[in-house]
Novice: 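Please read through the structure below; I'll follow up with questions.
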Amino acid sequence: KETASGRTLLAKPLTITVNGCSRTDTGVHADMFCCNFRTETDKENDKIIKGLNAVLPSSIGIYDIKDMPYDFHARYDCNGKEYIYKIWNSKHKNPFLTEYALHYPYELDAELLDRQAKDFVGTYDFSAFCAAGSSVQSTVRTITECSVTRQGELVTFSVKGDGFLYNMVRIMVGTLLDINSGKIPEGSIGEIISSCDRSRAGITAKARGLYLNRVYY
């Protein structure tokens, strides 16, 4: 603003709190990620989108903004999420997917793993599929859909539920891969869930193949 002396003073920057719908590990991706913030601006949403995209890094793109009730919270009002995990199943690496899919060079039976994945569906205590260090009050989650599909050399694990524990999806994928390799017997997922024992489940698959695919409100 202009002062009596003619000097220009910069206004104090407006502090805006951004609430995200989820927390993720380094290397994880998102096809859809929702967040909310409160603002008194009278700019049209299209202009806000344009302004945000002008200053955000190339790895982030805003494609939609909606006006929500004042007390809306992107994390706490979320009632479901869908994750996918991409596996490049080929003897040869794909340089275009190095950071976007797990390279699995061994034979992978997607139809078998699809049948095994159905045992994740239901409401259970998923302690066996939660990494150490989680501070959640309850480890009970409801999984409504779970599948493994193949399209050429790309195998995709998809899972939808009301919420997910720390590293839960990556451990689910690791368990399926251990079943595929024979390290864990077929038909063991139900027993692993019932055990609530992390050591009974498989490895934690690498972060690079994981995507937050959809968020539901």
Side-chain angles (χ1 to χ4, degrees), residues 1 10-86 99-101 120-127 129-147 156-173 204-217:
K1 64 182 180 179
L10 295 177
K12 183 179 180 180
L14 179 65
T15 300
I16 294 180
T17 300
V18 178
N19 300 307
C21 66
S22 180
R23 293 173 293 178
T24 58
D25 297 328
T26 300
V28 176
H29 317 289
D31 292 316
M32 178 180 181
F33 187 93
C34 299
C35 61
N36 72 279
F37 61 90
R38 294 170 179 169
T39 178
E40 296 179 356
T41 183
D42 57 0
K43 291 183 180 295
E44 297 177 354
N45 287 348
D46 287 345
K47 292 184 177 180
I48 297 176
I49 292 174
K50 185 177 181 179
L52 288 173
N53 281 330
V55 297
L56 286 169
S58 60
S59 58
I60 301 174
I62 308 296
Y63 60 85
D64 193 18
I65 288 181
K66 297 183 184 297
D67 295 315
M68 303 301 291
Y70 183 80
D71 60 352
F72 174 82
H73 194 289
R75 180 182 178 188
Y76 299 122
D77 286 334
C78 174
N79 56 35
K81 295 175 183 175
E82 179 186 48
Y83 282 91
I84 63 174
Y85 193 97
K86 296 182 180 181
E99 299 301 325
Y100 302 100
F120 286 121
V121 176
T123 300
Y124 306 112
D125 182 340
F126 280 96
S127 297
F129 294 86
C130 180
S134 175
S135 58
V136 295
Q137 294 181 345
S138 173
T139 49
V140 175
R141 297 291 185 272
T142 298
I143 300 300
T144 54
E145 297 180 22
C146 200
S147 65
T156 303
F157 170 77
S158 302
V159 59
K160 185 186 298 184
D162 63 354
F164 295 87
L165 303 171
Y166 182 42
N167 283 350
M168 179 173 166
V169 179
R170 292 167 60 189
I171 298 171
M172 294 168 82
V173 172
T204 302
K206 293 182 179 180
R208 67 185 61 170
L210 182 62
Y211 296 71
L212 175 58
N213 196 48
R214 289 290 179 271
V215 184
Y216 301 98
Y217 294 96

Novice: Taking all atoms of both residues into account, what is the closest heavy-atom pair of I60 and L56, and its distance?
Specialist: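 I60 and L56 have their closest heavy atoms at CG2-CD1, 4.0 Å.
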Novice: Check the angle between the aromatic planes of F129 and F120 and answer parallel, tilted or perpendicular using the 30° and 60° thresholds.
Specialist: perpendicular
Novice: Atom NZ in K206, atom OG1 in T204: separation rounded to 0.5 Å?
Specialist: 12.5 Å
Novice: Hey, can you tell me if Y76 and H73 have their rings parallel, tilted or perpendicular (30° and 60° cut-offs)?
Specialist: tilted
Novice: Side-chain contact test, heavy atoms from C-beta onward, threshold under 4.5 Å: evaluate it for D25 versus Y166 and give yes or no.
Specialist: yes
Novice: Would R141 pass as a cation-pi partner of F164, given that its NZ or CZ must be under 6.0 Å from the six-membered ring centre and within 45 degrees of the axis?
Specialist: no
Novice: If you take all heavy atoms of R208 and A101, which pair is closest and at what distance?
Specialist: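 Heavy atoms of R208 and A101 come nearest at CD-O, 3.5 Å.
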Novice: For L212 and V28, run side chain to side chain contact (heavy atoms under 4.5 Å, CB included): C-alpha distance rounded to whole Å, both residues' side-chain angles, the deciding distance at 0.1 Å, then the answer.
Specialist: CA-CA 8 Å; L212 175 58; V28 176; 5.8 Å; no
Novice: Any carboxylate oxygen within less than 4.0 angstrom of a Lys/Arg side-chain nitrogen, looking at R214 and E82?
Specialist: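 No, no charged N to carboxylate O under 4.0 Å.
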Novice: Out of curiosity, C34 SG to N19 CG, how far, rounded to the nearest 0.5 Å?
Specialist: 12.5 Å
Novice: CD1/I84 to OG1/T156 distance, rounded to the nearest 0.5 angstrom?
Specialist: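 Spacing of CD1 (I84) from OG1 (T156) equals 6.0 Å.
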Novice: Short question: side chain of K43, backbone of G51 - any donor-acceptor pair under 3.5 Å?
Specialist: no
Novice: Where is the tightest heavy-atom contact between I49 and I62, given as atom of each residue plus distance?
Specialist: CG2-O, 3.5 Å
Novice: Might you point out which heavy atoms bring L165 and F126 nearest each other, and give the distance in Å?
Specialist: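 Distance-wise, the nearest heavy atoms are CD1-O, 3.4 Å.
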Novice: Would M32 and Y211 satisfy side chain to side chain contact (heavy atoms under 4.5 Å, CB included), going step by step from the backbone distance to the final call?
Specialist: CA-CA 9 Å; M32 178 180 181; Y211 296 71; over 6 Å; no
Novice: Can you confirm whether K81 sits close enough to V169 that some side-chain heavy atom of one is under 4.5 Å from a side-chain heavy atom of the other?
Specialist: no
Novice: Donor-acceptor pair, distance only, cut-off 3.5 Å: does the side chain of R170 make one with the backbone of A205?
Specialist: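 Yes, because the side chain of R170 sits within donor-acceptor range (under 3.5 Å) of the backbone of A205.
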Novice: Quick check against the 3.5 Å criterion: does N36 have a side-chain atom that pairs as donor or acceptor with the backbone of F72?
Specialist: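 Flag set: sc N36 to bb F72 pair under 3.5 Å.
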Novice: Can you confirm if the NZ or CZ of K86 lies within 45° of the ring axis of Y100 and under 6.0 Å from the centre of its six-membered ring?
Specialist: no
Novice: Within the side chain of Y217, is there an N or O that forms a donor-acceptor pair under 3.5 Å with the backbone of A74?
Specialist: yes
Novice: Of all the heavy-atom pairs spanning T139 and S127, show the shortest one and how long it is.
Specialist: OG1-OG, 3.0 Å
Novice: Roughly how far apart are D46 CG and D64 CG, rounded to 0.5 Å?
Specialist: 9.0 Å
Novice: Calculate, to the nearest 0.5 Å, the distance between atoms NZ and OG1 belonging to K47 and T41 respectively.
Specialist: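 Going from the NZ atom of K47 to the OG1 atom of T41 covers 10.0 Å.
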Novice: Indicate the atoms forming the closest heavy-atom contact of F157 with C146, along with that distance.
Specialist: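 Looks like CE1-SG, 3.4 Å.
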Novice: Report the C-alpha distance between K160 and Y216 in whole Å, list the side-chain angles of each, state the deciding distance to 0.1 Å, and finish with yes or no for side chain to side chain contact (heavy atoms under 4.5 Å, CB included).
Specialist: CA-CA 10 Å; K160 185 186 298 184; Y216 301 98; 3.6 Å; yes
Novice: Find the distance between CG (D71) and CZ (R38) and round it off to the nearest 0.5 Å.
Specialist: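 Taking CG in D71 and CZ in R38, the distance rounds to 7.5 Å.
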Novice: Run the side chain to side chain contact (heavy atoms under 4.5 Å, CB included) check on L210 and V173 step by step: do they pass?
Specialist: CA-CA 10 Å; L210 182 62; V173 172; over 6 Å; no
